[in-house]
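A short worksheet on the structure shown next.
Just so you know, residue 1 is the first one in the sequence shown, and it goes up from there. Ligands are counted one by one from 1 in listed order, and the atoms in each one are counted from 1 as well.
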Amino acid sequence: MKSALEWKKYYLTPEFREKYFYNGDDLGVSCTDSGTSFKLWSPSADSVTLNLYQDGSEGEAFRRIMMSPAGSGVWSWGTEECLHGVYYDYTLMIDGEVTESADPYAKACGINGRRSMAVNLRKTDPEGWQQDQAPRKGPEQIIYELHVKEFSWDASGGFPEEYRGKYKAFTCENTTLYNDGIHPTGLKYLQDLGVNYIQIMPAYDYGSVDEAGRDTEFNWGYDPVNYNVPEGSYSTDPARGEVRIREMKEMIQSIHKQGFRVIMDVVYNHTYSLDSWFQRTAPWYFYRVFDDGRISNGSACGNDVASEREMCAKYILESVLYWTEEYHIDGFRFDLMGLLDVGLMNRIRRELDERYGKGEKLVFGEPWAAAETAMEGDAVPALKKNIALLDENIGMFCDDTRDAVKGSALRIRRPGFINGAEGKEDDIIRSVTAWCGPAEKNASRQVSYGVKAPSQVITYVSAHDNQTLWDKLAETLPKAGEQERMRLNRMAAALYMTCQGTLFLLSGEEFGRTKDGMEDSFNAPIALNRLDWKKAWDNRALVEYYQGLIALRSHLPGLCDKSADAAERIHDISKSDGTVSFMLDNRTEDRAQEESPWMKLKIIYNSSRMEKDVSVDDGDWVVLCDGEDSRLWQTPHRIRNHTRVCPQSVLVLGKLSDRKAV
Ligand code: CA
């Protein structure tokens, strides 16, 4: 067998690239009532045999068929029979060696994804699927990140026993705390919270959980096996290939119906192992290798997918389009986007815009990588430093805002602006305008990267990675009591929710979720990772504070503005030790949009332990939100010329529009 480097050299030759680029969009299996066709791209195979099975994991093949070469590296076979429900894999002869492989282009599979399945997708649609539609986009996108199993595992959620940890749990409406009939949990609770996007952590088929194993097995799932198939352990029957497909569609249909859009977390940057279907069907084509022969490992997961290679880019693009078309997905969060190339990301954006309208599907990702990667040719990685090269509607998780507010996610004892760090005022001001503006470097570091508009920034302080916000506050303020931590949690929330950019939070941030300080709980027991719905009711005051902030946000067009000149709305910025304040032009530019009652805002962040004076100009000013109550805007009381901001709190003041004042 050739070495990785020899393969690489071969794939880079113009002859290979010309001869083996396949332009069709029919790789994998197409299966309808009128027939079934199998197509596999395997440019180096000398022969390919298709094996058909009755079962997804057991027994011998009942039929073996020699595939025919169809040009451009494609192997093909077709029949007029509908083979829906038949399992299959391939036997390939490559470079003198025989390998077996499932289909990298599979749309269905058996238990643990070891065999693929031919599926007539129309047979997997739940009732009413053709009418399924995402709710309309609101003035702001507020993304709530959750994991299928964490969501409904705990008995406190009140989900039916057989649906706990499954896609099916999302089809339950009106669940309540231990089924008490009083305190909403699940999607009803999220409606009351006000978030409008649900981001599902990996739900494509991944490898780290045994689908035939015990129900308590847990993993986040950042280890893809079959990119275009739903994960089986979340279905009620992983052994029957069509069940997981139908149940995932039912989940999405129900989430839509209950008022949310759905974002899928996609991990195209690496696969579960190097011994993947990619590798077995096209050795080293889909992976990066350094020129000295080292295997690229920028993902720290053992391999990097070569997104810049033509057939690999095509694979990723078509996979994204497949999830939007077949599963009605509304947005994508790209894991380690910094390992994918700018060209591909922009192409994905463009194709989605053409099909669904500009910016309609959300696209964002992590603009970093764990280590250096062996990206080839002129390709440029979609890293933070290259944000200016990305489309204005491709967003990045903004670690700068995250760390400015509550301290470094990686250096766990290091505080941020709210919990005692000094000299963070400038970073907080940049957080407010989502770090927009030209790239800028100060004496010690790069402070901005040329963000084009707030649409490029995900503003957040917690995600599944790193400590929860609550644990981070405990880590940085070990002596603080419960009351102070609550106060600081409210401050963190009010601060980032009054910054521009798209808002994002880890499920449970709003109720003080804890993982006992653990930074990386990807394979920790479900008992630690599960959402504790009792806590959501025990810490009700905090949840209500978030509710008020989220509801207020939709009345603040000045903060929801995602345009390139949104930063110009911020003026009269002032800072002193531990305090930042600014004015915000809150008028709407878009006449179709409802005018806010407040033409101007004054926002003050006071992280000091002292009360501070706040003065405003003449006019009708009201308090919209303070450190205790985020619903004051619903029963506004007026202030004259000056007021005070409490220690460790955020104060939001609104100036009534002239016409409202008369
Ligand atoms: Ca799996």
Side-chain angles (χ1 to χ4, degrees), residues 28-29 53 55-58 85 87-89 100-119 124 146-153 163-170 200-252 264-281 286 299 301-303 305 315 319 322-323 326-327 329 335 464 522-526 529:
V29 168
Y53 306 87
D55 190 88
S57 59
E58 311 265 304
Y87 294 87
Y88 70 98
D89 63 15
E100 307 262 317
S101 179
D103 183 0
Y105 298 87
K107 299 187 180 84
C109 66
I111 199 156
N112 285 323
R114 311 309 294 175
R115 283 179 188 165
S116 309
M117 189 189 95
V119 59
T124 64
L146 56 77
H147 182 281
V148 173
K149 195 160 192 168
E150 292 175 358
F151 175 69
S152 59
W153 176 261
Y163 290 170
R164 283 167 51 192
K166 308 292 184 195
Y167 298 123
K168 275 282 198 178
F170 291 88
I200 308 275
M201 284 167 69
Y204 52 74
D205 178 42
Y206 61 79
S208 52
V209 163
D210 180 3
E211 296 176 2
R214 289 185 312 149
D215 241 7
T216 48
E217 276 192 38
F218 179 84
N219 203 287
W220 283 344
Y222 291 89
D223 45 76
V225 173
N226 288 293
Y227 278 113
N228 297 328
V229 183
E231 162 60 14
S233 63
Y234 303 146
S235 80
T236 58
D237 188 355
R240 283 167 54 219
E242 71 283 7
V243 175
R244 61 177 77 186
I245 300 176
R246 181 177 302 110
E247 290 181 349
M248 192 185 198
K249 287 177 174 175
E250 284 174 350
M251 169 180 85
I252 292 161
M264 185 160 180
D265 192 337
V266 286
V267 187
Y268 293 111
N269 67 82
H270 72 274
T271 56
Y272 182 42
S273 85
L274 257 179
D275 184 18
S276 65
W277 315 141
F278 281 159
Q279 191 75 324
R280 292 191 192 187
T281 54
F286 290 91
S299 68
C301 295
N303 61 79
V305 168
Y315 182 95
S319 176
Y322 175 69
W323 286 107
E326 188 60 35
Y327 288 86
I329 293 291
D335 188 67
H464 67 269
F522 77 102
N523 64 353
I526 179 67
N529 277 299

N-O pairing of Glu250 and Lys168 below 4.0 Å: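 Between Lys168 and Glu250 there is a salt bridge, with a charged N closer than 4.0 Å to a carboxylate O.
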So that I can tick it off, tell me whether Lys166 and Asp215 are bridged by a salt bridge, with the cut-off set at under 4.0 angstrom between side-chain N and carboxylate O.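 Salt bridge: yes.
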Using a distance-only test with no angle check, is there a side-chain donor-acceptor pair under 3.5 angstrom linking Trp153 and Asn529?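 No, Asn529 and Trp153 have no side-chain donor paired with an acceptor closer than 3.5 Å.
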Centroid-centroid under 6.0 Å between His147 and Phe522 rings: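 No, ring centres 6.0 Å or more apart.
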Count up the protein N, O or S atoms sitting under 3.0 Å from the Ca ion (ligand 1), would you?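 The number of such protein atoms is 4.
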When you measure from the side chain of Ser152 to the backbone of Ala169, do you find a donor-acceptor pair of N or O atoms at a distance under 3.5 Å?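 No, Ser152 side chain to Ala169 backbone: no donor-acceptor pair under 3.5 Å.
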I'd like to know if the side chain of Tyr227 reaches the main chain of Val267, judged simply by a donor and an acceptor atom lying under 3.5 Å from each other, with no hydrogens or angles considered.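 Yes, the answer is positive, given that a donor and an acceptor are paired below the 3.5 Å cut-off.
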